[in-house]
Amino acid sequence: ELVRQGEALKRTEQMVDKMDQDLKTSQRHINSIKSVWGGLVNYFKAKPPESKPEQNGTQEYYGSSRLKEAMTSSKEQESKYQESHPNLRKLDYADNDFSKADLVSSAQRDSYPKNQHLRAYHQKIDNNLDEMSSGLSRLKNLALGLQTEIEEQDDMLDRLTKKVETLDVNIKSTDKKIRQL
C-alpha cells in the first residue's frame with residue numbers, strides 16, 4: 001500500500017512540475033500579447049527546455065530499497081516457515097520433529113537432559129524459540145523498511161506542498177494579469 005501511495009505521490013509531483021512548466025509558457029505568451037517589448041524580450045530570451053514525454057504517462061516509482069529488501073526477505077522467511085510448520089506444510093513433506101533432533105550438534109545434545117522425553121521437549125522449545133526469533137527479526141526488518149519509506153514519502157510531501165503553494169501564487173498572478181488584459 002505504501003509503494004502504491006508512493007507511486008501516486010510521484011505522479012502528482014510530475015503533474016505539478018508539468019503545470020509549472022505550462023504556466024511559464026503561458027507567462028511568455030502573456031508577455032508577448034501585453035506589449036511589443038514583451039514580444040521582443042521573449043523572442044531573444046532562451047526558450048524553456050522542453051521535457052521529454054514520459055512513457056505511459058508516468059515514470060516507474062520504486063519504493064525504498066530497505067523496504068524492498070525487507071519484503072523480499074520476509075517472503076523468503078514466510079515460505080521457509082510454511083515448509084517447516086506441521087500444519088502449514090504441504091502433504092508431500094513427510095518428516096517428523098524427531099528427524100530434526102538428529103541435526104542438533106553434540107554440544108547442544110549434552111546441554112539437554114538425559115531423559116529422552118525431556119530432551120525432545122527442550123529441543124522442540126528451542127526450535128519454537130528460533131522460529132519466534134526469526135519472525136521477530138522479519139517484523140523488525142519490515143518495520144524499518146516501512147519507516148524508511150514513510151520518511152521518503154514525508155519528504156516528497158514536503159516538496160510537493162512547497163511546489164503547490166508556489167504554483168498557486170503563480171496561477172493567481174497569471175490570472176490577475178490576464179484579467180487586466
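What you see below is based on every heavy atom in this structure, not just the backbone, and it leaves out hydrogens, waters and symmetry mates.
- You'll find the side chain of Leu9 stays beyond 4.5 Å of the side chain of Glu13, heavy atoms only.
- Taking 4.5 Å as the limit, some side-chain heavy atom of Lys177 sits within range of a side-chain heavy atom of Gln27.
- One hydrophobic cluster holds both Met132 and Tyr121 under the rule that ILVMFWY side chains link at heavy-atom gaps under 4.5 Å.
- At distances below 3.5 Å, not a single donor-acceptor pair connects side-chain atoms of Ser137 with backbone N or O atoms of Ser133.
- For the pair Gln153 and Leu2, the tightest heavy-atom approach, listed with the atom from each and the gap, is NE2-O, 2.6 Å.
- Closest non-hydrogen pair, Leu23 versus Ile171, comes out as CD2-N, 3.7 Å.
- Taking all atoms of both residues into account, the shortest heavy-atom contact from His117 to Asn115 is N-OD1, 3.0 Å.
- Hydrophobic cluster membership of Met15, counting Ile, Leu, Val, Met, Phe, Trp and Tyr whose side-chain heavy atoms lie under 4.5 Å apart directly or via other members: none, as it forms a cluster of its own.
- Under the side chain to side chain contact (heavy atoms under 4.5 Å, CB included) test applied with Asp20, the options Val164, Thr166, Leu167 reduce to a single match, Leu167.
- Residues Arg4 and Glu1 are paired through a salt bridge, judged by an N-O separation under 4.0 Å between the basic side chain and the carboxylate.
- When side chains are defined from C-beta on, Arg11 counts as touching Glu7, because their heavy atoms get closer than 4.5 Å.
- Judged as a side-chain contact (heavy atoms from CB on, under 4.5 Å), and not counting sequence neighbours, the contacts of Lys140 are Leu144.
- Using a 4.0 Å cut-off between charged nitrogen and carboxylate oxygen, Lys163 and Asp17 count as a salt-bridge pair.
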